[in-house]
Colleague: 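Shown below is the structure under consideration.
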Amino acid sequence: MAPQYRERTFIAVKPDGVHRHIIGDIIKRFEQKGFKLVAMKFTQADDALLQKHYSALSKKPFFPDLIKYMSSGPVCAMVWEGLNVVKTGRTMLGATNPMDSAPGTIRGDFCVQVGRNICHGSDSVESANTEVALWFKPAELVNWDPVAKPWVYEDDF
Ligand SMILES: Nc1ncnc2c1ncn2[C@@H]1O[C@H](COP(=O)(O)OP(=O)(O)OP(=O)(O)O)[C@@H](O)[C@H]1O
């Protein structure tokens, strides 16, 4: 498999998305797009993990509320793989603030306010690599070949 098809991103359904039963819809969109699920866990994140995950935002006034929100219940943490998956994943999620998220995007269709925006997606390949390593052990990442691969990638016959 060519390396560009092996790009990975970290996607998480946040506690509000879990409570509102939106996990399945989010998985469905990534599956239907043609991306490959590489790892998934349903987990209660502790403050230490979340503080590392959101360390770039530690000076923001909303940081304490963000940690409280993200640790308030379980999250569904996932790794998805495919061509340009980081950038496309962000497009599929929609703008951070659901007031600006286009209809048809996940946030545009399922939520209303920035502090309850139901999902997370890595914002660069570098962040994705850091986040995947933070949330998953290497042995939790599954290497497999979907039978549909030649029907997703044109040069893979
Ligand atoms: N002004 C705000 N008020 C409250 N919460 C906010 C605000 N801005 C961002 N957040 C929360 O912090 C998260 C991280 O913000 P960031 O600016 O990194 O956006 P993002 O990269 O689109 O979001 P995420 O990292 O969750 O995918 C947002 O998804 C949102 O839950």
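Note that the structure is predicted; figures quoted are calculated from it, not measured. Whatever order the structure lists ligands and atoms in, that order sets their numbers, starting from 1.
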Colleague: Work out whether the distance between some heavy atom of Asp123 and some atom of ligand 1 is less than 4.0 Å.
Modeller: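 Distance cut 4.0 Å: Asp123 fails for ligand 1.
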
Colleague: For the ring pair Trp80 and Phe30, is the centre-to-centre distance below 6.0 Å?
Modeller: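 Yes, close enough.
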
Colleague: Is it true that Lys14 lies under 4.0 Å from ligand 1, counting heavy atoms only?
Modeller: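 Heavy atoms of Lys14 do come under 4.0 Å of ligand 1.
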
Colleague: Quick check on Arg107 - does any of its heavy atoms sit under 4.0 Å from an atom of ligand 1?
Modeller: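 It does, in that a heavy atom of Arg107 comes within the 4.0 Å cut-off of ligand 1.
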
Colleague: Which of the numbered atoms in ligand 1 are under 4.0 angstrom from any heavy atom belonging to Arg90?
Modeller: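 In order of numbering, the contacting atoms are 20 (P), 21 (O), 22 (O), 27 (O).
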
Colleague: Which residue supplies the protein heavy atom nearest to atom 11 (C) of ligand 1, what is that atom called, and how far is it?
Modeller: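 For atom 11 (C) of ligand 1, the nearest protein heavy atom comes out as Leu66 CD1, 3.8 Å.
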
Colleague: Atoms of ligand 1 less than 4.0 Å from Leu57 heavy atoms?
Modeller: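 By the 4.0 Å cutoff, the relevant atoms are 14 (C), 15 (O), 18 (O).
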
Colleague: Quick test: of every protein heavy atom, which one is nearest to atom 28 (C) of ligand 1, and how far off is it to 0.1 Å?
Modeller: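 Here the nearest protein heavy atom works out to Asn117 ND2, 3.6 Å.
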
Colleague: Quick one: which of Phe63, Tyr69, Tyr54, Phe62 has a heavy atom closest to atom 4 (C) of ligand 1?
Modeller: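 Looking at heavy atoms only, Phe62 sits closest to atom 4 (C) of ligand 1.
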
Colleague: Starting from atom 22 (O) of ligand 1, which protein heavy atom do you reach first, and at what distance in Å?
Modeller: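 Protein heavy atom at minimum distance: Thr96 OG1, 2.4 Å.
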
Colleague: N/O to N/O below 3.5 Å, does that happen between Gly121 and ligand 1?
Modeller: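 Looking only at distances, the answer is yes, because the N/O contact criterion of under 3.5 Å is met.
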
Colleague: Report yes or no: does Gln44 contribute a side-chain atom to a donor-acceptor pair with the main-chain N or O of Ser71 at less than 3.5 Å?
Modeller: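 Yes; judged by distance alone, with no hydrogens or angles, the pair exists.
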
Colleague: Return each pair, listed once, that meets side chain to side chain donor-acceptor pair (under 3.5 Å) where at least one residue sits in residues 130-141; pairs must be two or more places apart or across chains.
Modeller: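 As it turns out, the side chain to side chain donor-acceptor pair (under 3.5 Å) pairs with a partner in residues 130-141, which skip direct neighbours, are Lys41-Glu140, His53-Trp135, His120-Glu131, Ser122-Glu131.
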
Colleague: If you compare all heavy atoms of Ile27 against all heavy atoms of Met40, which two are closest, and at what distance to 0.1 Å?
Modeller: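 Here Ile27 and Met40 meet closest at CD1-SD, 3.7 Å.
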
Colleague: Show, in sequence, the C-alpha distance, side-chain angles and deciding distance for Ile23 and Phe42, and conclude whether the side-chain contact (heavy atoms from CB on, under 4.5 Å) test is met.
Modeller: CA-CA 10 Å; Ile23 296 174; Phe42 189 62; 4.2 Å; yes

Colleague: Kindly indicate, with the supporting measurements, whether the criterion side-chain contact (heavy atoms from CB on, under 4.5 Å) is fulfilled by Ile118 and Ile26.
Modeller: CA-CA 10 Å; Ile118 71 166; Ile26 293 174; 4.3 Å; yes

Colleague: Below 4.0 Å from any atom of ligand 1, is there a heavy atom belonging to Lys60?
Modeller: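 Contact check Lys60 vs ligand 1: negative.
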
Colleague: Look at the aromatic rings of Phe136 and Phe10 and report parallel, tilted or perpendicular, splitting at 30° and 60°.
Modeller: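 The rings of Phe136 and Phe10 stand perpendicular, inter-plane angle above 60°.
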
